[in-house]
Amino acid sequence: MSREEEQRLIARVVAGEPAATRELLESYQGAVYAFALRLAGDAALAEDIQQETFLSALRGASSFRAEGSLKGWLLTIARREALAQLRRRHDTPTEPESLESLGVSAGWGAGSPEDTMDEREQQQQMERALGLLSPPDREVLLLRDIEGLSGEETAAALGLPLAAMKSRLHRARLRLVAALRGDTTEDPHGRA
Amino acid sequence: MEEREVAGLRCSAVLELLSDYLDGELAPEARAGVEAHVAGCNVCERFGARFAAAVQTLRKLPAPAGQEGAADRLKARLGSR
Ligand SMILES: [Zn+2]
């Protein structure tokens, strides 16, 4: 959907056209659900977040501004809903760590991982690794890499300046590689 | 981790630039510098490949299955506003 098409769709949603609401759902319910499920880690919670996101989006449709994408706007709402749900749980803040020590945990300077997994196994391993990250690490990866928002949109969704978002993204990717590494056998001699 | 300097860049500098490199956000000279370092440093070549492969798998992760029930209930909830 181009930005103009998104703008037109939202105008029809604001005008109360049922077909427009259906189209909004069909286009974005999958992304909102996947984001909520991976962020919250629970199907029932993901479903609540999905419903609250669209209820809130429909109520606030007239506030959508075309500078960002519709998907970015919806995921920003979904993130807010998810955080409201997750706040009840306890978050352990991640200790500040040097980039080098993050790199070493991720296998910087170590051997190559044994590469015997098929695509499906790699994807399952990736979902497990994502689940091990802290919510702040997970959400930046979900928005930027999985949902494919631009750097600017991801920063806006997280309420961070662009440089801070990039730094968080890089560290989150390194922690992800570290989590994957914890799940893989390694060839100690490397195979460069 | 033994640091080397290859093509005017230390390994730790390359480590810091990996995401910007993958995201296509480096200026041409910086990009060329990373590529020259990686071509001459097997540590960074190996780790860069591992890092890039992980991000690639992440970007291509399929949508989680089993959303049909949620989709039906979403429609019902919005329809009965
Ligand atoms: Zn190096």
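Every chain is numbered from 1, with letters handed out A, B, ... down the list of sequences. For the numbers below, each heavy atom of this structure counts, side chains included, while hydrogens, waters and symmetry mates do not.
Donor-acceptor pairing under 3.5 Å is lacking for the side chains of Ser69(A) and Glu6(A).
For Arg144(A), the part lying near chain B is the side chain, with the backbone staying farther off; criterion is any non-hydrogen pair under 4.5 Å. Proximity to chain B (any heavy atom under 4.5 Å) is shown, for Leu99(A), by both the backbone and the side chain. Ile146(A) touches chain B through backbone and side chain together, each having a heavy atom under 4.5 Å away. In this structure, chain B has no heavy atom under 4.5 Å from any part of Leu142(A). Contacts of Cys11(B) with chain A are made by both backbone and side-chain atoms, with heavy-atom separations under 4.5 Å.
Interface remark: of the candidates Glu100(A), Arg38(A), Gln122(A), Arg38(A) forms the most heavy-atom pairs closer than 4.5 Å to chain B. Ranked by non-hydrogen atom pairs under 4.5 Å with chain B, the options Glu119(A), Gln125(A), Glu127(A) are led by Glu127(A). Annotation: maximal heavy-atom pairing with chain A below 4.5 Å, among Pro64(B), Ala63(B), Ala53(B), Ala54(B), occurs at Pro64(B).
Contact of the Tyr28(A) side chain with the Met1(A) side chain is registered, since non-hydrogen atoms from C-beta on lie closer than 4.5 Å. Contact check for Trp108(A) versus Leu102(A): no side-chain heavy atoms found under the 4.5 Å cut-off. By the 4.5 Å heavy-atom criterion applied to side chains, Phe64(A) and Val13(A) are not counted as neighbours. Taking 4.5 Å as the limit, every side-chain heavy atom of Leu174(A) sits out of range of all side-chain heavy atoms of Ser105(A).
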> How far apart are the C-alpha atoms of Glu26(A) and Arg22(A), what are their side-chain angles, what is the distance that settles it, and do they pass the salt bridge (charged side-chain N to carboxylate O under 4.0 Å, His left out) test?
Replying inline: CA-CA 6 Å; Glu26(A) 275 156 24; Arg22(A) 269 201 305 279; 5.2 Å; no

